K.L.:
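Have a look at this one.
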2 protein chains.
Amino acid sequence: MPLPSWVTDLATLNLLLSVAETGSVGRAAQAHGISQPSASERLARLERRLGVPLLVRTRRGSTLTPTGEAVVAWIHPVIDAAQALADGVLSLRADQRARLRITASLTVAEYLLPRWLLVLRRGHADLEISASVANSEDVCAAIRSGRADLGFVESPDVPADLGRRVVGADGLALVVATRYPLAARAERDLRASDLIEAPLLLREPGSGTRETFMRALAGALGHTPPIHRATSLGSTATILATVRAGGGVGVVSARAAAAGLATGELVRLRVADLMLVRPLHAVWSGHAPTPLAAELIELAIGLPTPD
Amino acid sequence: MPLPSWVTDLATLNLLLSVAETGSVGRAAQAHGISQPSASERLARLERRLGVPLLVRTRRGSTLTPTGEAVVAWIHPVIDAAQALADGVLSLRADQRARLRITASLTVAEYLLPRWLLVLRRGHADLEISASVANSEDVCAAIRSGRADLGFVESPDVPADLGRRVVGADGLALVVATRYPLAARAERDLRASDLIEAPLLLREPGSGTRETFMRALAGALGHTPPIHRATSLGSTATILATVRAGGGVGVVSARAAAAGLATGELVRLRVADLMLVRPLHAVWSGHAPTPLAAELIELAIGLPTPD
DNA sequence: GATGGTCATAGGAGACCCCTATGACTAGAC
DNA sequence: GTCTAGTCATAGGGGTCTCCTATGACCATC
């Protein structure tokens with residue numbers, strides 16, 4: 001779904017933030033490296049498109065209208081999230097000269113690593129870190145070959161030749177749209193056997209989440225069940241979009257489902273006899289991780305893991 | 001501070017999200033009302049600017065690379081925040097035909113009202129709501145004159161001719177930069193009398209936060225103190241920017257300071273003998289609020305107020 | 001092999017943005 | 001009073017970017 005076009009121009013929204021902070025269009029323009037007239041026009045256009053006045057321009061600077069202050073307060077979380085995105089992508093650009101090269105599987109890279117790196121960087125200014133995302137097998141391969149110093153995997157099995165340590169846990173969630181028939185039975189009375197006939201939405205064969213799910217199902221039933229009505233989809237986002245459209249029962253990381261659950265769009269199914277938790281391991285080669293890697297591991301264990 | 005230019009183009013980031021959901025560049029283009037070649041080129045340019053591959057293009061659609069999935073997960077909060085911004089601004093555009101017209105003072109409008117409206121809209125699809133932001137006096141004036149159906153004010157005094165109900169509380173916070181000298185004494189041993197000589201950063205005279213602060217100070221000291229070293233600034237954002245630069249002790253709403261406190265940039269000063277809490281009132285004219293207004297009030301009281 | 005679906009490329013039209021130069025106005029200094 | 005320093009807005013021109021339509025290349029399926 002497209003967004004209104006005026007909200008699309010993050011640079012101008014950010015510019016408005018600078019005006020609020022500096023109290024002047026000219027100084028804000030300077031802070032952004034553009035000319036004052038350019039900034040002036042962009043802000044004027046923004047106001048026109050929004051349809052509400054944001055600034056009171058005086059001959060001694062510009063201040064916000066009350067409406068403008070509210071808008072600025074709403075812009076803040078957008079910019080903060082964008083900054084987090086920028087930081088994350090920056091660490092994904094594999095710089096060869098990085099002092100710490102990390103490879104992580106999806107869940108860790110998406111939801112945990114950014115925070116860890118943020119804290120780590122607070123201790124070491126100007127630290128060169130590179131990160132990459134891969135599935136569990138490739139993480140182990142990268143560690144073995146020396147292409148990375150530290151890895152994170154979310155599979156229960158870690159090859160014996162690698163050093164390892166548990167740094168947390170990851171839960172899978174079964175989710176359906178709020179209006180989906182099964183949602184009424186979300187809280188109780190669901191059993192693993194009910195899932196065999198459900199239209200399941202899973203990642204492709206070979207992925208970590210699918211493996212974990214199938215193994216848990218086999219554990220609950222005592223045998224590997226035939227899955228009649230399962231669809232394989234290529235990404236977590238696709239699964240969640242299909243679930244929202246009422247397309248079935250999605251199997252995704254609990255963290256990926258959190259946003260949808262919070263807004264009430266999705267409902268989590270609790271299945272009493274299904275254990276859907278797997279450990280998150282840090283892995284490295286050789287006797288011990290490098291000092292910097294060890295510091296990150298300690299930090300990861302110490303930090304409270306957001307559900 | 002400017003953001004990297006590629007993160008600035010929210011429309012393209014949103015487009016990538018649609019590709020992830022639909023599994024196809026063409027369908028994503030369609031969902032955004034643009035042509036397939038246009039979408040294709042924008043995505044290609046995004047990848048080029050990011051410096052990392054995001055999509056695997058096959059002849060049967062496009063799927064995300066593992067890196068792409070991580071990026072998509074980081075884009076999600078950006079888009080969600082932008083959506084909240086868009087919703088907020090939409091309700092600020094004063095539509096005359098609105099069924100419920102709300103006027104709110106700053107703190108409520110910024111931090112509480114969007115969430116209330118979100119929940120209210122879930123119960124009433126296609127509800128026409130207009131909101132505006134004003135200071136406490138103007139809110140009461142708008143209610144009296146019938147320009148608004150429901151108001152929210154953060155002052156302790158409500159005119160006797162208006163109906164009222166307490167819907168929450170708002171605390172003021174005294175904040176300094178982490179390296180500011182006073183930060184070391186943040187937790188204890190600070191008293192109201194210490195603030196008289198501090199370089200205070202306040203909103204302009206007549207604003208609600210300044211009134212509340214001065215009244216609390218007078219209450220603690222037993223008399224209205226002379227403020228030697230205070231600076232008046234035009235907006236909360238200006239105060240926070242000045243505080244971050246080490247410019248003094250900022251006096252702002254606790255909610256406005258929350259983000260800065262969470263990242264560790266700011267430190268909150270606790271002053272034992274200063275009461276900096278004020279009630280938030282819903283106000284209306286006549287015997288009772290309109291049914292829709294009453295529903296919103298109930299909802300506001302029931303919802304947990306984020307600190 | 002034909003068909004339907006996918007994404008990429010090419011060329012041209014239009015919108016947008018930015019910069020420099022200038023004008024209009026105000027507050028404060030002298 | 002007058003001057004100066006500072007603010008924001010407007011005008012004109014150049015460059016970039018983005019969009020669209022049309023087309024091509026390729027693959028899976030029938």
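Per chain, numbering begins at 1; letters A, B, ... match sequence-line order. Bear in mind the structure is a predicted one, so any value in this text is a computation, not a measurement.
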K.L.:
Respond yes when some side-chain nitrogen or oxygen of A/R42 is under 4.0 Å from OP1 or OP2 of C/dC16, and no when none is.
P.N.:
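Looking at the OP1 and OP2 atoms of C/dC16, neither is under 4.0 Å from any side-chain N or O of A/R42.
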K.L.:
Measure from CG on A/D9 to C1' on C/dC16 and round the result to the nearest Å.
P.N.:
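Going from A/D9 (CG) to C/dC16 (C1'), I get 11 Å.
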K.L.:
Whole angstroms only, please: what is the CZ-C1' distance between A/R48 and D/dA9?
P.N.:
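My rounded result for the distance is 12 Å.
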K.L.:
Ignoring hydrogens and angles, tell me if any N or O in the side chain of B/E69 forms a donor-acceptor pair with the backbone of A/S235 under 3.5 Å.
P.N.:
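No: the side chain of B/E69 does not pair with the backbone of A/S235.
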K.L.:
Can you tell me the distance, in whole Å, between the CG atom of B/L54 and the C1' atom of C/dC7?
P.N.:
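After rounding, the gap between these two atoms is 16 Å.
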K.L.:
If you check the B/P37 side chain, which of D/dC19, C/dA8, C/dC18 turns out closest?
P.N.:
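Nearest to the side chain of B/P37 among the choices is C/dA8.
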K.L.:
What nucleotide, of D/dT7, C/dC17, C/dA10, holds the atom closest to the side chain of A/R27?
P.N.:
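For the A/R27 side chain, the nearest candidate turns out to be D/dT7.
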K.L.:
Would B/R210 and B/E204 pass as an ion pair if we require N to O under 4.0 Å?
P.N.:
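The answer is no: the pair does not qualify as a salt bridge.
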K.L.:
Nearest to the B/S35 side chain among D/dT21, C/dT6, D/dC8, which nucleotide is it?
P.N.:
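Shortest atom-to-atom distance from the side chain points to D/dT21.
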K.L.:
Report yes if at least one side-chain N or O of A/T58 is closer than 4.0 Å to OP1 or OP2 of D/dT7; otherwise report no.
P.N.:
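For A/T58, the contact criterion (side-chain N or O under 4.0 Å from OP1 or OP2 of D/dT7) is not met.
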K.L.:
A/E41 CD to C/dC19 P: how many Å, rounded?
P.N.:
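Result: 11 Å.
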K.L.:
Is there, by distance only and without an angle test, a donor paired with an acceptor across the side chain of A/Q36 and the base of D/dA9 below 3.5 Å?
P.N.:
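Answer is yes: a donor-acceptor pair is held.
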K.L.:
Respond yes when some side-chain nitrogen or oxygen of B/S62 is under 4.0 Å from OP1 or OP2 of C/dT6, and no when none is.
P.N.:
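So the side chain of B/S62 is outside the cut-off, no N or O lying under 4.0 Å from OP1 or OP2 of C/dT6.
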K.L.:
Between atom CG in B/L10 and atom P in D/dT18, what is the gap in whole Å?
P.N.:
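Atom CG in B/L10 sits about 15 Å away from atom P in D/dT18.
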K.L.:
Find the distance B/L43:CG to D/dT18:P and express it as a whole number of Å.
P.N.:
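It works out to 12 Å between those atoms.
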K.L.:
Within this structure, what is the CD-to-C1' distance between B/Q30 and D/dC20, rounded to whole angstrom?
P.N.:
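In whole Å, D/dC20 C1' and B/Q30 CD are 16 Å from each other.
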K.L.:
How is B/S38 classified with respect to the nucleic acid when contacts are heavy atoms under 4.0 Å: base, sugar-phosphate, or nothing?
P.N.:
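Sugar-phosphate contact only.
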K.L.:
To the nearest 0.5 Å, what is the distance between CG (A/L200) and CG (A/L233)?
P.N.:
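Rounded to the nearest 0.5 Å, the CG-CG separation comes to 11.5 Å.
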K.L.:
Is A/R57 salt-bridged to A/E47, going by a charged N under 4.0 Å from an acidic O?
P.N.:
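A/E47 and A/R57: salt-bridged.
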K.L.:
C/dA8 phosphate, OP1 or OP2: any side-chain N/O from B/S40 under 4.0 angstrom?
P.N.:
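Yes, within the criterion.
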K.L.:
Keeping the roles fixed (side chain from A/S38, backbone from A/I34), state whether a donor-acceptor pair exists under 3.5 Å.
P.N.:
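No, the answer is negative, given that no donor and acceptor are paired below the 3.5 Å cut-off.
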K.L.:
I need the CD1-P distance between B/I34 and C/dA8, as an integer number of Å.
P.N.:
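That distance rounds to 13 Å.
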